[in-house]
Amino acid sequence: MKNEIRVRMAPSPTGFFHVGSARTALYNWLFARHHKGKFILRVEDTDVARSSEKMIDVILDGLTWLGMNWDEGPYFQSKRLDIYQKYVQQLLDNDLAYYCYCDPEDLEKEKQAAYKSKEDWQYDRRCLKLSPAERAEKEKKKIPKVVRFFIPNQSVSFHDLIHHEIRREAKDIEDLIILRSNGVPTYNLACVVDDYEMGISHVIRAVDHITNTPKQILLFEALGLPKPEYAHLPLILGHDKSKLSKRHGAVSLMSYKEQGYLPGAMVNYLSLLGWSPGDDREMMNTQEIIESFDLNRINPANAVFDETKLEWMNGQYIYGMSNEMLLQQLWPFMIEYGLVKEQDNEKKKSWLLRVCQLVKLRLKTLTDINDVARYFFVEDYEYEEDGLNKHFNAATIRIVEDFLPKLEDIEEYIALSIEESVRNHAETNKLKARQIIHPLRLFITGRQGGPGLFETMVLIGKERCLSRTRRLINDFKKQQEEKTN
RNA sequence: GGCCCCAUCGUCUAGUGGUUAGGACAUCACUCUUUCAAGGUGGAGACACGGGUUCGAGUCCCGUUGGGGCCA
């Protein structure tokens, strides 16, 4: 118990789950699983005016999607106010904290004025210097008061597992507010109390919290509590190298799910953003990542989020899946795009699996199914402009039209016989096979590229191939007639 | 402005005093192919700068510059 590894994810419920938070959560979780420790969920909702169930569900859904199970919680700070107040009282009793009656708006004005004239500003402890009479006066007037933590005059240093020795002078830290006038604790106090109460052994969080750590260490010391170990993770940046935020586009974890990314690929990619196993491995399943994971191997430099590489990796995962798995993952998207109906799952199962096999190499995300394979399912696929320019002309139409009877005559409609028929026809008519293949592909699929044409034609079926081709030929003829008239 | 963190190809990274500085994505060329992909082969591409320490520095120290974060 004493040496048990216990880490936490402590999200503030903002209504969405940032990929940066997901990465932080992931590293905590990997660390816990690697050391057979506990991963605890704690919702830091004291700051939030109203944190709804829904906001928390976003977090839970995200963790679940990525396969990160938690061992305890979620605990809610908003339900633990009395605990924090108890600790604040302890500090007050020991003269390690004091009441402050200053009007926050006044202080804010002073601060802004100081910044404007490029001066540093810190709270000057004026309420600490209040005489008993002055204090009594303010109490009598019922002026709202907060509790400030008295920063002792010393330097603070701590050992960060990623950044090594970090030192900060106490004079650079101001007496921070730890309890608001409404009795709600501030971030630093609640965090310290909870990290202790929940037995957190390692605080693994992003580096933008590193300036909070000395304050928290001072709080641990003032409260006489044991300190956890600290590891401050590098930030995830957008392409302009500033902290990844909404203005960079998709930063919510669930938007990646909606865009058709697989949780395994997401975990794999995120794990490599700031960490590496030390060898050249990149494609790793979650189990392998857990086994290799080590805080010592985290790169302290910030990392740019590279969606292109994530996309590539996702494609690798899709290609590596069994057709059954792929179909299952694809299903909700195919329903959404109107490619299939619920009952097709049973009726057309084996056909669907064959389509999966044929297109899986071309899918980078699950949503690609609509672009890459729409023509297998429905008739409203589009024709590539460039392709029509090439093949929608008298000479080509003629070639295809000549070939159609041969296609019709094929008895055993399998790839081999279609190919044989095309090649024979080409030979007897002194054509290159591609002169038939290319327009045929365009007419049947609307595209110039794709899986092998003959296999594709088998899956689309003879009748549909014929009718699609005839439709194009008729369209062309109609167009010619209109021109001559 | 103050304080803090960071610095290897465009991007993610390997590298812990002696390496032709390795890999991956992206990019380019070739190859395979009915096409598009994927694959295969190859190319181009980095130690921010300046001082030290050392026989020897991407690697250790200091400074500069640049980027980022927090205070907001």
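First the proteins, then the strands, lettered A, B, ... as listed; each starts at 1. None of the values given here were measured: they were computed from a predicted structure. All values below were derived from every heavy atom in this structure, side-chain atoms included, with hydrogens, water molecules and symmetry-related copies excluded.
- A cation-pi arrangement is absent between A:Arg468 and A:Tyr375 under the rule of less than 6.0 angstrom and at most 45 degrees off the ring axis.
- For A:Arg470, the side-chain contact (heavy atoms from CB on, under 4.5 Å) partners are A:Leu404, A:Glu408, A:Leu466, not counting sequence neighbours.
- Among the atoms of the strands shown, none is found under 4.0 Å from any heavy atom of A:Glu307.
- The base-pairing partner of B:rA37, taking Watson-Crick or G-U wobble contacts with both distances under 3.5 Å, does not exist among the strands shown.
- Across all strands shown, B:rC49 forms a Watson-Crick or G-U wobble pair with B:rG63, both key distances being under 3.5 Å.
- For A:Leu361, the side-chain atoms get nearest to B:rA37 when compared with the rest of B:rA37, B:rG69, B:rC25.
- Applying the 4.0 Å criterion to OP1 and OP2 of B:rA37, one finds that A:Gln448 has every side-chain N and O outside that range.
- Looking at heavy-atom distances under 4.0 Å, A:Leu235 makes contact with sugar-phosphate atoms alone, never a base.
- No side-chain N or O of A:Asn153 forms a donor-acceptor pair with one of A:Lys171 less than 3.5 Å apart.
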Donor-acceptor pairs under 3.5 Å, side chain of residues 264-272 of chain A to any protein atom, not counting sequence neighbours: which ones?
{"residue": "A:Asn268", "atom": "OD1", "partner": "A:Met284", "partner atom": "N", "Å": "2.8"}
{"residue": "A:Asn268", "atom": "OD1", "partner": "A:Tyr317", "partner atom": "OH", "Å": "2.6"}
{"residue": "A:Asn268", "atom": "ND2", "partner": "A:Glu282", "partner atom": "O", "Å": "2.8"}
{"residue": "A:Tyr269", "atom": "OH", "partner": "A:Asp306", "partner atom": "N", "Å": "2.7"}
{"residue": "A:Tyr269", "atom": "OH", "partner": "A:Asp306", "partner atom": "O", "Å": "3.2"}
{"residue": "A:Ser271", "atom": "OG", "partner": "A:Val267", "partner atom": "O", "Å": "3.4"}
{"residue": "A:Ser271", "atom": "OG", "partner": "A:Asn268", "partner atom": "O", "Å": "2.7"}

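- Using a 4.0 Å heavy-atom criterion, one finds that A:Gly452 contacts the bases of the nucleic acid, with or without backbone contacts as well.
- Ring geometry for A:Tyr230 against A:His232 counts as parallel: the plane angle stays under 30°, on a 0 to 90° scale with 60° as the upper cut.
- Cation-pi check for A:Arg148 over A:Tyr123 is met; the charged atom lies under 6.0 angstrom from the ring centroid and within 45 degrees of its normal.
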The contact string for nucleotides 2-13 of chain B, one letter per nucleotide 5' to 3', using protein heavy atoms under 4.0 Å with B, S and - for base, sugar-phosphate only and none, comes out as SSSSSS---SBS
